Structure formats: structure tokens, C-alpha cells
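The structure appears right after this line, and notes come after that.
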Amino acid sequence: MEEIKNVKGTHDVYADENNAYEKVENLMKSIAEIYAYQGVRPPVLEHSPVFVRGVGEGSDIVRKEMYTFLDKGGRELTLRPEFTAGIMRLVVQNKLYATNELPLKLYYVGPVFRYERPQLGRYRQFNQFGVESIGHNSPLNDVEVIVLAYTILCSLGLENVKIKINTLGDEESRNNYRNALKAYFAGHIENMCVDCKSRFEINPLRILDCKVPEDRPIIEGAPKIGAYLSKDSQERFDQVLEALEALQIPYEINQSLVRGLDYYSETVFEFHYKSKEGNDYGAVGAGGHYGKLMSELGGPDLPGVGFSFGIERIVSVLKDDGLLEDVKNQLDAYIMPLDKESMIYAEEVAVILRNSGGYKVDMCFDNVKLGNMFKRAANKKAKFAIIIGENEVKEESVVLKDLAKQEQITVKVEELVDKFDELYEASYGEEEEEL
Ligand code: ATP
Ligand code: MG
């Protein structure tokens, strides 16, 4: 039989790496909760127009990257390439905007699918965590979303995260800017890549996003949005920057930042981090304000702002910089029954330590020599061993051994949890700090 392998561009997550994903996602969720966001789980499958209309026909995602197919009932469906448009569909359909206080603040985590060329930091199925704050136009809403993202990255241990920020202005600003870009690129488009040629026709703003090195010098010479901003948009952007400064959030303005999705307006931003290994995985997260997305999907005319992190990229930079040492799989106790007759009693002890003590406990089901069981305990990085033989079963006790100190005592089973707490605290108490 032909060997069965995973689909190109997907990846398996297991062992310590899975712990890393759990740690990263849990920390993101818990900080989003502190910022008063609530979780949502939109479906992976949506009718294609959600993304075609939402993300925009001119975007690379819709033009080239969507997993779109007909189901057996003839419906045209798409595996979500991002969350924002699907969440907006969810909000509109369930009328979540009909509440007496906006913004509506939602977070999400899960897989997304894009048919891209797989390479470092780029998969076809990857995971995103993100938030949307919907229904309030205050520039402070944009700022709060940026502060949340920045706080999460800092809490993961990443220092020197770079925030690149720009404004795309309102519709009037963008129309003027689009015309200026059209005039500029008209003189250069002959010498640019095929993608840029079609971007020139569909939406010349997209050209600024081109990653082809030969096109970059032409793009660097293009007019900048700053000169085309309406008074309102300029003021709004200034207010965003002023608040970021007051909150001591470092940023750098990058006027060629336009983002790859058509729904953005006003504030846009990206988070960059160079790991010490020097690997460039691309932006670890990105987002911005969107003015017309909800009305585009048939809802009321409410704006929103959000960001999205690439979990794979974040796990990669954390791994490169040694910031995942604490997620290694480690047992609190490994239970070692010395003979077949001790097995059931050993299982009872394991259940007591797990259910009453809350400890991470595993037990040896094989009837092997004690030396072998100690080797297994070391492999599982167990902190304590619990040895149970004929005597212990009779006495209703266990031998409890601190594997770091190499000291052991005999404990009655009814005192086990208290004694375990005490010894654990003595050896590992300070390590138990919460993030
Ligand atoms: P890029 O410019 O790198 O293609 P993007 O602008 O397409 O990114 P977004 O749509 O804003 O990215 O998605 C948010 C985040 O998701 C990105 O900042 C990145 O961390 C991550 N991401 C995007 N595409 C991929 C991918 N193919 N594989 C892994 N992570 C990705
Ligand atoms: Mg992309």
C-alpha cells in the first residue's frame, strides 16, 4: 500500500509542542478575558460569499488562496481563510449588535486554511487567535485592541516586539490615494510582476503589499497615504498615536503598510518579532479597523477593529528563544506496583492523588523490575515515585520517594495527599508561580 502522509502544508502537533500550543492559547484567552472579551466559535465552513464579499474580491486570499468546493448538496462552501468575516456573519445573523452597550468584544481561536506556497512560517492549515471589538468608532477602541495584543506578546516573554502602524484613512482619503497610485504605477506597471498587473486593475493599493523583491524599489517610490488623508482621518490617527504614547506602547509608523484584506480602513497595524536565531517567520500578528465589513455582509453600518495572531509563528519564535522550557511534559508522581497483586491498590492510590490532590500522576501497568520503573520515572521527568508492594497493600500505606532529593518515607494512604502537598511545596513551591 502506498504510504499515507499528511496533506502538503499541514502539520502534526504532538508531545511538548502540543503543550506549547496549549500554553500559548490559554494565556491569550485568559488575557482577552481580563480585557472583557468573550469567546466565540464560528463554524469552519461558510458559504463562499461570506469571504468573497467580506475579505474582498481584490485580495490575494479570495483570488488565489481559498479552499472552495461544492458539497454533495451542490452548495458552494469555503473553509474559512480567516475569522473576521465569519464572525461578522455570526454577529449579523444572531443580531448580537442589538445590545444597549457597544462595543461587542469577542475572541476566537482555531484553524484557518489558505492555499499558499508552504515555507518557513507559512502553512496551508494554521491556527489563529484573535479578537474583534465591534460597534464603536472611538479611536480608543483601536488603541485598546493594540494594547491587548501587545500585552499578550509581552506576557509570553517576547521582548522588543515591533509594532508597525499606519492609517488607510476613510473612503474619501482612500479614493484620492488610489487615484494617485494609479497615476504613479501607470508609468511602471509594464515592468512589474503579473500579480501587480492584475492588482493595478482591481485595486492598486494592493500593489503596496507585493513581496516580489524586483518590484520593491518601484513601490518604495510610490506616493504615501499621508498626503491624501482627509482632515477627519488625520485627526483620528493622531488620537490613536497620542493614546499609544500615553500608554507607553512603542510603535513605528510605516506608510507602506496596507494589509492584505480589503475590509480595512483607518488604523492598520502589524506585530513583528525577530527571534535570536535570526529566523524571519514574517509578522506574528496583524489587524486593523474596518468600517464597512458589517454592512457589506447585510448588517447595520457598524465599524469594528480586531487583530489576529499566527499561533505557529508565535510558537516558533518562543521555541527559538528558549521561552518554552517550562512546558516540558513532567509528572508529579509515578506509581510503581511491585507485583500483580498490588495493581488495583496502586490504581486506587493514583486516583486519590489525581482526584483529591490534583496532581499529575501516571502508573506503571507492566510487571517489570524496580530498576526499570525508576528509568521510566526518569524518562517521564517524574518528581516523586510511589512504590507499592505486598507490605504496603497490607498496611494501607505507600513508600513516597522524592526523586530530586533521593529521600523516601512511608506514609499511610489517608495521610498521603497532605504529606504529598507538604513535600511538594518544600521542593517545588516557588516554581508554581502563575504567569
Ligand atoms: P502575510 O503577510 O505573512 O501573508 P497576512 O497579512 O496574510 O500575513 P493575516 O491575514 O493578517 O496575515 O493573518 C494574521 C496572522 O496569521 C499573520 O500575522 C501571521 O502571523 C499568520 N499567518 C498568515 N498566513 C499564514 C500562513 N500561511 N501560515 C502560518 N501563519 C500565517
Ligand atoms: Mg498572506
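Just follow the structure's listing: the first ligand is 1, and inside any ligand the first atom is 1. This is a predicted model, so every value here is computed, not measured.
Applying the 4.0 Å criterion to heavy atoms of Val284 picks out, from ligand 1, the atoms 18 (O), 20 (O). Contact atoms of ligand 1 toward Gly285: 18 (O), 20 (O) (distance under 4.0 Å to a heavy atom of the residue). In the vicinity of Ala286, heavy-atom distances shorter than 4.0 Å reach the ligand 1 atoms 11 (O), 18 (O).
Arg313 NH1, 4.5 Å is the protein heavy atom nearest to atom 8 (O) of ligand 1. Looking only at heavy atoms of the protein, atom 27 (N) of ligand 1 is closest to Glu116 OE2, 2.7 Å. Among protein heavy atoms, atom 16 (O) of ligand 1 sits closest to Gln128 NE2, 3.2 Å. Protein heavy atom nearest atom 17 (C) of ligand 1, with residue, atom name and distance: Ala283 O, 3.9 Å. Annotation: atom 5 (P) of ligand 1 to nearest protein heavy atom, Arg114 NH1, 3.9 Å. Scanning all protein heavy atoms for the shortest distance to atom 28 (N) of ligand 1 gives Tyr123 N, 2.9 Å. The shortest contact between atom 2 (O) of ligand 1 and any protein heavy atom is with Lys211 NZ, 3.0 Å. Atom 22 (N) of ligand 1 has as its closest protein heavy atom Phe126 CE1, 3.4 Å.
The ring of Tyr263 has its center closer than 6.0 angstrom to the ring center of Tyr290. The aromatic ring centres of Phe384 and Phe420 sit less than 6.0 Å apart.
If you check each of Gly121, Gly306, Gly310 against atom 29 (C) of ligand 1, the one with the closest non-hydrogen atom is Gly121.
Ring planes of Phe113 and Tyr67: perpendicular class, angle over 60° (limits at 30 and 60°).
Inspection of the Asn329 and Asp16 side chains reveals no N or O donor paired with an N or O acceptor under 3.5 Å. With 3.5 Å as the limit, one finds no donor-acceptor pair spanning the side chains of Thr78 and Glu46.
For atom 24 (N) of ligand 1, a protein heavy-atom neighbour is present inside the 4.0 Å cut-off.
Between Ile311 and Met28 the shortest heavy-atom distance is CD1-SD, 3.8 Å.
Judged by a 6.0 Å distance limit and a 45° cone about the ring axis, Arg124 is positioned over the six-membered ring of Tyr115. Geometric assessment of Lys182 against the ring of Phe200 yields a positive cation-pi assignment under the 6.0 Å and 45° thresholds. At least one cation-pi condition fails for Lys381 and Tyr334: the charged atom is not both under 6.0 angstrom from the six-membered ring centre and inside a 45 degree cone around its axis. Geometrically, Lys105 does not engage Tyr35 in a cation-pi contact, judged by NZ or CZ lying under 6.0 Å from the ring centre and within 45° of the ring axis.
Residue contacts with ligand 1, taken as heavy atom pairs separated by less than 4.0 Å, do not involve Arg124 at all. Counting heavy atoms closer than 4.0 Å to ligand 1, residue Asp209 contributes nothing at all.
Contact analysis puts Arg259 in contact with ligand 1, with a non-hydrogen atom separation below 4.0 angstrom.
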